[in-house]
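Worksheet: one structure, shown below.
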Protein chains: 2
Amino acid sequence: MSGAATILLVDDHAIVREGYRALLQQQPRLKVVAEASDGAEAYRLFKQVKPDLVIMDLTMPGFGGLEAIKRIRQWDPAARILVFTMHQNAAFAVQAIRAGAKGYVTKSSPPEALVRAAFDILQGKIALSADIDHELALSRVTETPVATDVLTPREFEILRLLLAEKSTEAIAAILGLSPKTVANTRYLIKAKLGVASDIALVLVALRQGILGAEGERDEIAPL
Amino acid sequence: MSGAATILLVDDHAIVREGYRALLQQQPRLKVVAEASDGAEAYRLFKQVKPDLVIMDLTMPGFGGLEAIKRIRQWDPAARILVFTMHQNAAFAVQAIRAGAKGYVTKSSPPEALVRAAFDILQGKIALSADIDHELALSRVTETPVATDVLTPREFEILRLLLAEKSTEAIAAILGLSPKTVANTRYLIKAKLGVASDIALVLVALRQGILGAEGERDEIAPL
DNA sequence: GCGCCTGCCGGGCAAATTGCCCGATTTTTG
DNA sequence: CAAAAATCGGGCAATTTGCCCGGCAGGCGC
């Protein structure tokens, strides 16, 4: 870190990247040296340019931010990654930090927050923006556990299929289980997440980031 | 429009506004003269500065973009509003245009698209970014009607309550109806939207923008 | 006025699903 | 190894769903 710190910028919106770059370039000690628009490209570029810091969004097409964080950290356990996203959501932050991110700043933060977080991380600190600090604190007191903590892998799997609009029977067929087992598990999931209806289930899943963080969208009709 | 066209920029993320302003200021014929961070502020500022063009995001805290568009257009039917949002979603675009927007550009578009759309609108044209063009075309052929078109007001009301995690019985109580009626209506809604499960219902509603466009989020614990 | 259509309200009833119990394996963990 | 947790699935009452029905009110054309 002799001269300026090198930065890899990852966001799927070119326009958005443009803005951040302008913002960051105002800092003489920061230098954006590469940009990527999805997780795969981010991983590839990271290995190539070895930036001092990665600033990236979570929600991207293809394989998303979380996956990219994990892969990058696997390749270089010392990688410093700052998540910069619109999601003011404790669950996302927890997942990101666990995946190996060193910071989480929301786009609602004042512009300085991003710059400050960048410097903090470069100095080895963990950086969270104020709103996420608050969300995390709240999630502590209200004790809404992140789904991945409370659900077993199998339950998680079934939940994912449910959110893909699969019926209980379809899931049974896919996993080679009795429909009864799936129905039971489905009940268990709802109990664990503390919801009563299917509708609440989807909404909770949304907030928890099970759905929505990655590109879930069922494929567009091929025409 | 003798000198540069005046622009009001509306987006809840200060950082994001920063970026767009930089982008727009590169055009000598465009001048950002005001910024707002939510619908109410946008409306207030519009009346005050009377910009030639409003560029705004849809999803914002407080009263959202759609509502702001309607109010601004009500106050000045000649107002030119360009929606600039991340939602690559035909239903959103339809609603925005119907509310009175003159253009709809997604943030995934190349940076030039925004500038071009701005000029197009200033010349009285309707501007849609290429991806939305495509989404709208698709939604035509696949004929997935916007929910507001196919649902009766009552049905819409019940759908909204369902999405607020109310049970069938709770809704019956709220609206003073028989639970049976609500159940029947619920069935009708699903039939009209062509979905089989509650889960699919929520997901479709999401895509249609019934939920999600405006800030739906149940209030944060007051502490 | 008289049909006619559409939206709204709700009964009825078979079929399916949910909610919640249970026990039997297998794996994980201390 | 012993305890705990996870996975799988049966059973069964209670509820809900899916789909039929008829009745009533309001708007619209004639």
Side-chain angles (χ1 to χ4, degrees), chain A residues 91 94-95 98 143-206 208 210-211, chain B residues 95 98 143-206 208 210-211:
Chain A
V94 169
Q95 288 180 257
R98 288 205 187 143
E143 203 61 45
T144 313
V146 178
T148 50
D149 286 343
V150 54
L151 297 183
T152 69
R154 202 61 200 238
E155 287 163 349
F156 202 78
E157 169 91 20
I158 289 182
L159 176 53
R160 274 228 330 262
L161 289 169
L162 279 173
L163 295 178
E165 298 185 35
K166 304 295 182 193
S167 71
T168 297
E169 274 192 71
I171 295 175
I174 291 171
L175 299 180
L177 299 176
S178 148
K180 186 64 209 187
T181 300
V182 177
N184 273 334
T185 308
R186 188 172 173 164
Y187 164 69
L188 254 184
I189 292 171
K190 291 210 250 176
K192 284 191 177 176
L193 295 184
V195 300
S197 66
D198 280 356
I199 290 176
L201 179 66
V202 180
L203 298 181
V204 167
L206 260 181
Q208 296 270 338
I210 291 153
L211 197 163
Chain B
Q95 288 180 257
R98 289 204 187 146
E143 203 61 44
T144 313
V146 178
T148 50
D149 287 342
V150 54
L151 297 184
T152 69
R154 201 58 195 234
E155 287 163 348
F156 202 77
E157 168 91 17
I158 289 181
L159 175 54
R160 272 231 330 264
L161 288 169
L162 279 173
L163 296 179
E165 298 187 35
K166 304 294 182 194
S167 71
T168 297
E169 273 191 71
I171 295 175
I174 292 171
L175 299 180
L177 299 177
S178 147
K180 186 64 208 187
T181 300
V182 177
N184 274 334
T185 308
R186 189 173 172 163
Y187 164 68
L188 253 186
I189 293 171
K190 291 209 251 175
K192 283 191 179 176
L193 296 184
V195 301
S197 66
D198 280 356
I199 290 176
L201 179 66
V202 180
L203 297 181
V204 167
L206 260 180
Q208 295 270 338
I210 291 153
L211 195 163

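Order of the sequence lines sets the chain letters (A, B, ...), proteins ahead of strands, with each chain counted from 1. Reckoned from all heavy atoms, side chains included, excluding hydrogens, waters and symmetry mates.
For the side chain to side chain contact (heavy atoms under 4.5 Å, CB included) test, residues two or more places apart in sequence or in another chain that qualify with Ala183(A) are Thr168(A). Applying the salt bridge (Lys or Arg N to Asp or Glu O under 4.0 Å) criterion to Lys190(A), with sequence neighbours excluded, gives Asp198(A). Ala170(B) pairs by the side chain to side chain contact (heavy atoms under 4.5 Å, CB included) definition with Lys166(B), Ser167(B), not counting sequence neighbours.
The two residues Leu163(B) and Ala205(B) make their nearest non-hydrogen contact at CD1-CB, 3.6 Å.
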Original post:
What string of B, S and - do you get for nucleotides 12-23 of chain D, 5' to 3', if B is base contact, S is sugar-phosphate-only contact and - is no contact with any protein heavy atom under 4.0 Å?
Top reply: B----SBB----
Under 3.5 Å donor-acceptor pairs involving side-chain atoms of residues 174-181 of chain A, not counting sequence neighbours:
from, atom 1, to, atom 2, distance (Å)
Ser178(A), OG, Lys180(A), N, 2.9

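Taken over five-pair windows at either terminus, the axes of the helix from dG1(C)-dC30(D) to dG30(C)-dC1(D) are inclined to one another by 50° (rounded to 10 degrees).
Between the CG atom of Leu188(A) and the P atom of dG9(D) there is a distance of 14 Å, given to the nearest Å. When the P atom of dT7(D) is taken as reference, atom CD1 of Ile189(A) falls 10 Å away, rounded to whole Å.
From Leu203(A), atom CG reaches atom CG of Leu193(A) across 12.0 Å, with rounding to the nearest 0.5 Å. Taken to the nearest 0.5 Å, the CG atom of Leu162(B) stands 5.0 Å off from the CZ atom of Arg186(B). Rounding to the nearest 0.5 angstrom, the gap separating the CG atom in Leu201(A) from the CD1 atom in Ile199(B) is 5.5 Å. To the nearest 0.5 Å, the span separating CD1 on Ile189(A) from CG on Leu159(A) amounts to 5.0 Å.
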Between the protein and nucleotides 4-9 of chain C, list every N/O to N/O distance that falls short of 3.5 Å.
from, atom 1, to, atom 2, distance (Å)
dC8(C), OP1, Arg154(B), N, 3.4
dC8(C), OP2, Thr152(B), OG1, 2.1
dC9(C), OP1, Arg154(B), NH1, 3.2

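For residues 167-178 of chain B, no pair satisfies salt bridge (charged side-chain N to carboxylate O under 4.0 Å, His left out), with sequence neighbours left out.
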